[in-house]
Amino acid sequence: MIRDQIRQIVTEAIASAQLSGNLPQIEFPPVEIQRPNQPEHGDYSSNVALLVASAVRKATGERANPRQIAQAVAERIEPGELVGSVELAGPGFINVRLNDRWLQQSVLAIIEQGNDFGAIDKGVGQRWQVEYVSANPTGPLHYGGGRNAVLGDTLANLLEAAGYEVQREFYVNDGGTQIQLFIESLYVCYLQLCEEQDGLPQRNLEIPEGGYQGAYLHDYAKLVREQVGDRLAKLDRDDAIAELRQIGREIVVSDIKEELDELGVTFDRWFSEQSLYDEGLVDQLLEDLSGKGEVIKRDGAQWFLASKYPGNEKDEVVVRSNGLPTYFASDIAYHYDKFVRRNFDRVINVWAVDHQGHIPRMGAVMRALELDPDRLEILLYNLVKLIRDGQEVKMSKRSGDFLTVREVVEEVGPDAVRFMLLTTGPERNIDFDMSLAVQRRNENRVFYVQYGHARICSLLQRALQNGYQNPEEMPEDASEIVTLLTDPAELTLVRRMLEMEEQIELAVERLSPHNLTYYAEDLTKTFSVFYENCQVLHSEVPPQLARARLLLILAARTALSRVLRLMGMTAPEEM
RNA sequence: GCGCCAGUAGCUCAGUGGAUUAGAGCAUCGCCCUGCGGAGGCGAAGGUCGCAGGUUCGAGUCCUGCCUGGCGCGCCA
């Protein structure tokens with residue numbers, strides 16, 4: 001990364017100044033490189049002199065002049081291929097400006113890197129898992145789950161760009177009471193359908209208490225009947241339900257999968273909770289933990305002694321007194337599987353904020369399993385409020401039920417959904433204005449960015465029509481003609497593009513995929529300024545300069561399309 | 001009551017590895033437009049960064065207390 005190179009250069013300058021006696025032989029803190037707010041302060045800056053001066057004063061009581069220290073360091077930084085100039089500023093900042101020549105050549109580097117542009121090697125050799133959505137398989141996804149899907153998927157994209165080996169997983173809660181209720185409800189619907197359609201005697205069964213009754217159940221029931229006819233309706237209830245379990249699970253899971261597909265969200269693995277019971281892992285772990293005194297019997301139930309661990313006030317039931325395990329029991333087994341069997345270096349679970357109380361308990365589980373709790377990270381996100389025509393929307397007009405992810409995607413399109421759900425930090429509430437998201441004007445940030453990309457494409461297209469050489473064919477004299485890019489608008493555009501790797505690093509470190517939306521807008525804005533200031537296909541523009549600008553534009557397309565794809569959006573060539 | 005999160009411009013929000021003059025979009029006002037898609041661009045105005053203390057040479061950012069709002073505190077998931 002460029003910033004690492006700058007850091008290296010500054011660090012070496014310190015060592016060199018110390019060797020020559022211009023700096024005291026004290027230990028310097030690790031050099032931090034920042035991005036100044038003001039462009040006049042250069043591309044990068046370091047406050048290392050301020051830190052050292054303050055450290056000296058604390059250690060010796062003597063006053064040290066940070067400007068003098070900065071001066072000694074700055075003197076030792078020779079402008080070169082990468083660094084254009086170095087300046088002292090303010091109380092003792094070392095401001096570094098990139099070499100114009102280097103910026104110009106970067107245009108070609110960006111084009112060459114293409115779809116890998118911005119990739120960094122931060123995570124090379126590490127296997128991470130992102131578990132997201134993991135909604136109960138009892139029906140279509142509630143619109144709020146869309147945020148989970150977008151956050152998880154985008155984060156996974158970012159991690160891949162940062163060099164991590166990433167596994168995307170959906171945990172299917174097909175082992176608990178909810179799916180049981182769902183299957184029983186589905187059974188009733190199916191039975192009623194068969195009674196109507198096949199003239200079977202009425203049994204007048206009702207949806208069980210706490211069961212599901214959404215309109216979608218009838219669609220599912222139809223699918224069941226298409227698959228097996230009225231055969232299950234003729235069986236005993238228990239036998240029918242046992243068989244329906246598999247069929248119903250398949251139907252709902254494939255429905256959810258399809259729904260997420262429409263949003264561009266995919267998974268490497270759909271992990272079955274039930275499988276943890278089937279293979280006996282849940283029982284085995286409860287036994288192990290009992291043996292270690294982490295799980296005890298009390299009041300007829302089995303408890304995990306979470307309160308032994310920091311942040312936990314209460315213990316958790318893992319097996320109820322009626323003998324049925326709670327979801328928490330399988331969660332222990334699930335995380336054992338993730339960390340011990342599959343040995344992920346780190347796992348990120350994406351959870352809605354109403355699950356926050358579960359976080360300390362999982363920390364306790366990690367410790368009880370003698371695992372480093374830092375290997376498990378939770379990305380919490382807040383709720384989504386949907387707005388249409390200035391009014392909050394909760395219900396589906398079509399079904400009268402809750403609004404689903406599918407309906408929102410159909411209404412505003414997957415790109416707008418993804419972008420809009422990434423416009424704020426995850427911990428904030430978000431008001432998603434669906435009316436705005438479909439408008440073709442600049443208030444709609446999605447369109448602003450995608451339009452920018454389309455305009456770039458159209459410009460490149462026009463260039464070909466006008467007989468210019470296709471910049472994708474990288475001209476022989478490319479590295480020569482890019483030196484004609486000297487306009488501030490041109491160089492600013494290059495600078496902005498080169499921020500990509502830092503944006504990726506930052507978003508990964510903070511688990512904050514929403515940084516991408518701001519970067520995408522920035523990039524688009526910077527392109528617009530260039531576009532406004534620098535003509536390309538115009539008779540007054542010298543042909544060589546036009547060719548150079550076409551290369552710059554191609555690089556801009558590369559960068560912008562890369563960000564859009566990281567966000568899981570399309571980069572349209574025309575709109 | 002306890003815990004977690006949020007409170008930054010009129011509105012919607014970035015910024016929270018302390019650091020050089022706190023940012024963007026929209027809305028408002030003014031300007032650029034006979035030049036590649038104006039679905040643009042430039043500029044102005046607009047802020048006690050919830051409040052009060054504290055740490056620091058330096059705090060929107062760290063610490064403490066408080067206020068407001070959301071969420072959580074089940075043998076639910």
Side-chain angles (χ1 to χ4, degrees), chain A residues 30 32-34 36-38 40-42 45-47 50-51 53-54 57 63 66 88-93 95 134-136 138 173 176-179 210 298-303 311 313-328 331 352-360 380-383 423-431 433 436 439-445 447-448 450-452 454-463 466 489 506 509-510 512 514-515 517-519 521-522 525 528-541 546 549 553 574-575:
Chain A
E32 294 289 339
I33 301 295
Q34 290 104 8
N37 295 326
Q38 319 286 331
E40 311 87 73
H41 297 147
S45 78
S46 179
N47 63 348
L50 296 169
L51 294 177
S54 143
R57 180 154 17 83
R63 296 183 62 184
L88 279 195
F93 289 97
N95 293 341
S134 300
N136 270 334
T138 55
N173 292 101
T177 51
Q178 291 307 313
I179 187 138
R298 186 198 296 159
D299 304 332
Q302 288 187 53
W303 299 73
E313 284 168 11
K314 291 180 298 183
D315 299 326
E316 282 302 308
V317 171
V318 283
V319 180
R320 289 174 270 227
S321 46
N322 65 8
L324 289 177
T326 64
Y327 80 102
F328 192 64
D331 247 19
V353 69
D354 57 344
H355 285 61
Q356 62 184 248
H358 195 44
I359 295 175
L380 270 193
Y381 67 93
N382 221 315
L383 305 181
T423 52
T424 72
E427 68 285 347
R428 280 183 93 105
N429 285 304
I430 188 167
D431 287 349
D433 187 338
L436 178 60
Q439 285 179 21
R440 317 191 117 231
R441 38 189 195 108
N442 52 1
E443 278 127 287
N444 183 357
R445 301 157 69 182
F447 273 91
Y448 178 68
Q450 288 191 317
Y451 176 71
R455 204 158 51 156
I456 289 171
C457 293
S458 137
L459 198 51
L460 289 169
Q461 198 61 41
R462 175 73 55 107
N466 289 10
L506 196 69
E509 276 174 3
R510 294 188 186 164
S512 60
H514 69 285
N515 287 357
T517 51
Y518 292 89
Y519 179 57
E521 286 179 300
D522 241 28
K525 168 82 174 179
S528 288
V529 173
F530 155 76
Y531 180 81
E532 202 66 29
N533 284 286
C534 304
Q535 279 74 45
V536 184
L537 310 176
H538 193 267
S539 53
E540 287 165 26
V541 179
R549 286 180 173 165
I553 289 166
E574 51 189 32
M575 298 175 71

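Letters A, B, ... mirror the listed sequences (proteins, then strands); counts begin at 1.
Side-chain contact check for A:P360 versus A:E313: every heavy-atom pair is 4.5 Å or farther apart. A:I430 is not listed as a side-chain neighbour of A:Y381, based on a closest heavy-atom distance of 4.5 Å or more. Considering only heavy atoms from C-beta on, A:Q450 comes within 4.5 Å of A:M575 through its side chain. At least one side-chain heavy atom of A:T326 sits less than 4.5 Å from a side-chain heavy atom of A:R320. Side-chain contact check for A:Y518 versus A:R445: some heavy-atom pair is nearer than 4.5 Å. Using a 4.5 Å heavy-atom threshold, the side chains of A:I179 and A:N173 count as separate.
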* Asked: Hey, mind stepping through A:L380 and A:I359 against side-chain contact (heavy atoms from CB on, under 4.5 Å) and telling me if it holds?
  -> CA-CA 10 Å; A:L380 270 193; A:I359 295 175; 3.9 Å; yes

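Taking atom CG on A:N444 and atom P on B:U12, their separation rounds to 18 Å, with Å as the unit. Here B:C42 presents its P atom at 14 Å from CZ of A:F530, a figure rounded to the nearest Å. Atom P of nucleotide B:G17 and atom CD of A:Q34 are separated by 11 Å, given to the nearest angstrom. In this entry the distance linking CD of A:E427 with P of B:C4 reads 15 Å, nearest Å. Between the NE2 atom of A:H514 and the C1' atom of B:U12 there is a distance of 14 Å, rounded to whole Å. Atom pair A:I430:CD1 and B:A6:P shows a separation of 15 Å (rounding to whole Å applied). Between the CG atom of A:N429 and the P atom of B:G72 there is a distance of 12 Å, given to the nearest Å. The CD-C1' distance, from A:E32 to B:A19, rounds to 12 Å in whole Å.
Phosphate proximity of B:C75 to A:Y327: absent, as no side-chain N or O sits under 4.0 Å from OP1 or OP2. In terms of phosphate contacts, A:Q38 brings a side-chain nitrogen or oxygen within less than 4.0 Å of OP1 or OP2 of B:G23.
At a threshold of 4.0 angstrom between heavy atoms, the contacts of A:A454 include nucleobase atoms, whether or not backbone atoms are also involved. A:L51 comes within contact range of at least one nucleobase, with a heavy-atom separation under 4.0 Å. Residue A:Y448 is classed as a sugar-phosphate contact, given heavy-atom separations below 4.0 Å to backbone atoms only. A:F93 comes within 4.0 angstrom of a nucleotide base, judged by non-hydrogen atoms across all strands. If you check every strand for non-hydrogen atoms under 4.0 Å, A:S321 touches a base. Counting non-hydrogen atoms under 4.0 angstrom, A:V536 reaches a base of the nucleic acid. When heavy atoms are screened at a 4.0 angstrom cut-off, A:T517 is found touching no nucleic acid atom at all. Residue-level contact check: A:N533 touches neither bases nor backbone, having no heavy atom under 4.0 Å from any strand. Here A:R462 lies in heavy-atom contact (under 4.0 Å) with sugar-phosphate atoms only. Residue A:E521 is classed as having no contact, given no heavy-atom separation below 4.0 Å to the nucleic acid. Nucleic acid contact class of A:H355 (heavy atoms, under 4.0 Å, all strands): base. In this structure, A:T423 reaches the sugar-phosphate backbone alone: every heavy-atom distance under 4.0 Å involves primed, P, OP1 or OP2 atoms, never a base. Residue A:N136 is classed as a sugar-phosphate contact, given heavy-atom separations below 4.0 Å to backbone atoms only. Using a 4.0 Å heavy-atom cutoff across all strands shown, A:T424 reaches sugar-phosphate atoms only and no base atom.
Rounded to a whole angstrom, the distance from the P atom of B:C75 to that of B:U56 is 48 Å. B:U16 and B:G70 have their P atoms separated by 27 Å, given to the nearest Å. Using C1' as the reference atom, B:G40 and B:C4 are 44 Å apart when rounded to the nearest Å. The C1' atoms of B:G47 and B:A14 are separated by 15 Å, rounded to the nearest whole Å. Rounded to whole Å, the P atom of B:G23 lies 12 Å from the corresponding atom of B:A44. Distance noted for atom C1' between B:U21 and B:G53: 27 Å (whole Å). A distance of about 23 Å separates the C1' atoms of B:A22 and B:C29, rounded to the whole Å. Distance check on atom C1': B:A52 versus B:A59 gives 15 Å, rounded to whole Å.
The pairing partner recorded for B:C49 is none, the criterion being a Watson-Crick or G-U wobble arrangement whose two distances lie under 3.5 angstrom.
Within 3.5 Å, no donor on the side chain of A:R428 pairs with an acceptor on the base of B:A6, nor the reverse. Between the side chain of A:E532 and the base of B:G40, a donor-acceptor pair under 3.5 Å is found.
In this pair, A:F328 and A:H358 present their aromatic rings perpendicular. The plane angle is above 60°, beyond the 30 to 60° band.
Side-chain proximity of A:Y518 to the nucleotides B:A77, B:C13, B:C71 is greatest for B:C13. Taking the side chain of A:S45 as heavy atoms from C-beta on, and the options B:C71, B:G15, B:U20, the nearest nucleotide is B:U20. Considering only the side chain of A:E540, B:G35 comes nearest among B:U20, B:G35, B:A19.
Taking for each of A:D354 and A:N95 the nucleotide of RNA chain B with the nearest heavy atom, the 5'-most of the two is the partner of A:N95. Where A:R440 and A:N37 each meet RNA chain B at their nearest nucleotide, the meeting point lying more 5' is that of A:N37.
Here A:H538 does not lie in a stacked arrangement on the base of B:C36, lacking the combination of planes under 30° and ring centres under 5.5 Å apart.
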